[in-house]
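In what follows, a single structure is set out as structure tokens and then discussed.
Order of the sequence lines sets the chain letters (A, B, ...), proteins ahead of strands, with each chain counted from 1.
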Amino acid sequence: MKILSRRFYSQNTIKIAQELLGCFLVREYRGKIMKVIITETEAYIGENDLACHASRGRTPRTEVMYGVPGHAYVYMIYGMYHCLNVVTEEKDFPAAVLIRGGINPSPALPLAKGESPGFPLWQRGTKGDLNGPGKLCRFLKIDRKLNTWDLTKSEKLWIEERDSKIKLPKVIKSRRIGIDYAKHCKEYLWRYSLSSRT
DNA sequence: TATACGATCACCT
DNA sequence: GGTGATCGTATAC
């Protein structure tokens, strides 16, 4: 499986946020490999985006967003959860994609009622459903130790391109979550998800 | 140094 | 629908 390249991460953030859907987020932890299919993302773009952490400029925390694309931006939220972002666009332009949700496609997972083998992975039931950035990071053992991690090598944390043979459902665009403070920016349709969820 | 609050989640009514 | 947990960060003092 091919690892997403620096070149991929240097593209337009909205495009990346959509193209990450269906890709595999891979975590290597204590010698084990965990893979999750990305099903939900949000774009945070530039200092003019009032929802973006970089809207208040360069700080020690947001420095990574200004750096080379293809690195991880991991921060703690509400004192108890972590959120994983991938840094996008060119160096010195602060932007990132928040990974908000995924599906654990492990074949060991029991199928939910009404599901058959071969059931589309992103329509699987709750057993493998990692809906929410906090839950996703908790499952994949992602915390601030992985902040600034380079995602373009096959160590600890990376993303692999999606299987082109698998047809993805329509991408749903909606408002971003939990950013009521962001004034007009909260109206932007910068949240992207596969159609089994809203 | 002090304080306010958040790119969340689980549990409650 | 609402609320509490819990702490890093930004900002005010």
Side-chain angles (χ1 to χ4, degrees), chain A residues 9 11-21 23 25 27 34 36-67 69-89 92-104 112 122 124-149 151 157 159 171-194 196-198:
Chain A
Y9 292 112
Q11 300 177 95
N12 174 277
T13 304
I14 287 176
K15 178 184 179 184
I16 293 171
Q18 295 178 67
E19 294 203 349
L20 282 175
L21 297 174
C23 290
L25 176 61
R27 171 71 163 131
M34 296 180 277
V36 161
I37 296 174
I38 297 170
T39 57
E40 184 179 337
T41 60
E42 282 177 0
Y44 290 87
I45 309 174
E47 295 178 347
N48 293 330
D49 175 8
L50 297 178
C52 182
H53 288 168
S55 63
R56 277 174 285 191
R58 234 185 240 252
T59 68
R61 179 209 209 186
T62 60
E63 184 62 32
V64 60
M65 295 182 79
Y66 289 80
H71 289 252
Y73 168 38
V74 182
Y75 64 93
M76 173 168 267
I77 187 70
Y78 299 111
M80 37 173 56
Y81 299 105
H82 295 275
C83 291
L84 169 67
N85 300 250
V86 301
V87 175
T88 59
E89 312 222 13
D92 293 320
F93 183 85
V97 174
L98 171 66
I99 309 297
R100 281 195 60 88
I103 287 286
N104 178 3
W122 44 85
R124 284 273 179 94
T126 56
K127 277 291 183 184
D129 199 9
L130 301 165
N131 58 328
K135 282 189 272 187
L136 182 116
C137 285
R138 187 176 57 191
F139 177 79
L140 291 177
K141 311 294 186 195
I142 293 168
D143 61 26
R144 281 175 47 75
K145 288 195 291 292
L146 284 169
N147 191 36
T148 75
W149 186 257
L151 300 167
L157 187 66
I159 304 177
V171 173
I172 293 176
K173 303 174 185 180
S174 56
R175 291 178 184 170
R176 293 173 293 176
I177 298 295
I179 54 159
D180 285 350
Y181 57 85
K183 301 185 179 166
H184 63 282
C185 296
K186 72 178 189 225
E187 308 297 331
Y188 298 167
L189 301 180
W190 286 357
R191 180 180 178 217
Y192 306 100
S193 50
L194 297 181
S196 64
R197 63 191 66 227
T198 52

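Contact annotation for A:R176: no contact, since no heavy-atom pair falls under 4.0 Å across all strands. Here A:L98 lies in heavy-atom contact (under 4.0 Å) with a base.
Residues that satisfy the side-chain hydrogen bond (donor to acceptor under 3.5 Å, both in side chains) test with A:K145, not counting sequence neighbours, are A:D143. Residues passing the side chain to side chain contact (heavy atoms under 4.5 Å, CB included) test with A:P133, sequence neighbours excluded: A:C83, A:L98, A:R100. For A:Q18, the side-chain hydrogen bond (donor to acceptor under 3.5 Å, both in side chains) test picks out no residue, with sequence neighbours left out. Every residue meeting the side-chain hydrogen bond (donor to acceptor under 3.5 Å, both in side chains) condition with A:E89, not counting sequence neighbours, appears here in chain and number order: A:T13. Residues satisfying the side-chain hydrogen bond (donor to acceptor under 3.5 Å, both in side chains) test with A:K141, not counting sequence neighbours, are none.
Residues of residues 133-149 of chain A that place a heavy atom closer than 4.0 Å to DNA chain B, in numerical order, are A:P133, A:G134, A:K135, A:R138.
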(message) Taking Watson-Crick (N1-N3 plus N6-O4 or O6-N4) and G-U wobble (N1-O2, O6-N3), each under 3.5 Å, can you produce the dot-bracket string of DNA chain C? Use [ ] for crossing pairs and | for inter-strand ones.
(response) |||||.||||||.
Polar atom pairs (N or O), protein with nucleotides 1-7 of chain C, under 3.5 Å:
unit_1 : atom_1 : unit_2 : atom_2 : d
C:dT6  : O2     : A:Y78  : O      : 2.4

(message) Between A:D129 and A:I103, is the side chain to side chain contact (heavy atoms under 4.5 Å, CB included) condition met? List the steps.
(response) CA-CA 5 Å; A:D129 199 9; A:I103 287 286; 3.5 Å; yes
(request) Start with the C-alpha distance between A:E19 and A:Y192, add both sets of side-chain angles, then the distance that settles side-chain hydrogen bond (donor to acceptor under 3.5 Å, both in side chains), and finish with yes or no. (result) CA-CA 10 Å; A:E19 294 203 349; A:Y192 306 100; over 6 Å; no
(request) Could you walk me through whether A:I99 and A:T41 pass side chain to side chain contact (heavy atoms under 4.5 Å, CB included), step by step? (result) CA-CA 5 Å; A:I99 309 297; A:T41 60; 4.3 Å; yes
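Between C:dG1 and B:dA7, the two C1' atoms lie 22 Å apart (nearest whole Å).
The nearest pair of heavy atoms linking A:N104 to A:F139 is ND2-CZ, 3.3 Å. When all heavy atoms of A:N147 and A:V74 are compared, the closest pair comes out as OD1-N, 2.9 Å.
Contacts between chain A and DNA chain B, taken as any atom within less than 4.0 angstrom of a protein heavy atom, begin and end at B:dG6 to B:dA10.
Residue pairs meeting the salt bridge (charged side-chain N to carboxylate O under 4.0 Å, His left out) criterion with at least one partner in residues 48-61 of chain A, sequence neighbours excluded, are A:D49-A:R176, A:R58-A:E63, A:R58-A:D92. Applying the salt bridge (charged side-chain N to carboxylate O under 4.0 Å, His left out) rule to pairs touching residues 74-86 of chain A yields nothing, sequence neighbours excluded.
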Give the table of side-chain donor-acceptor pairs shorter than 3.5 Å for residues 177-190 of chain A, with sequence neighbours excluded, one pair per line with atom names and distance.
unit_1 : atom_1 : unit_2 : atom_2 : d
A:E187 : OE1    : A:R175 : NE     : 3.0
A:E187 : OE1    : A:R175 : NH2    : 2.6

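Across the protein-nucleic acid pair, A:R58 atom CZ and C:dT9 atom P stand 17 Å apart, rounded to whole Å.
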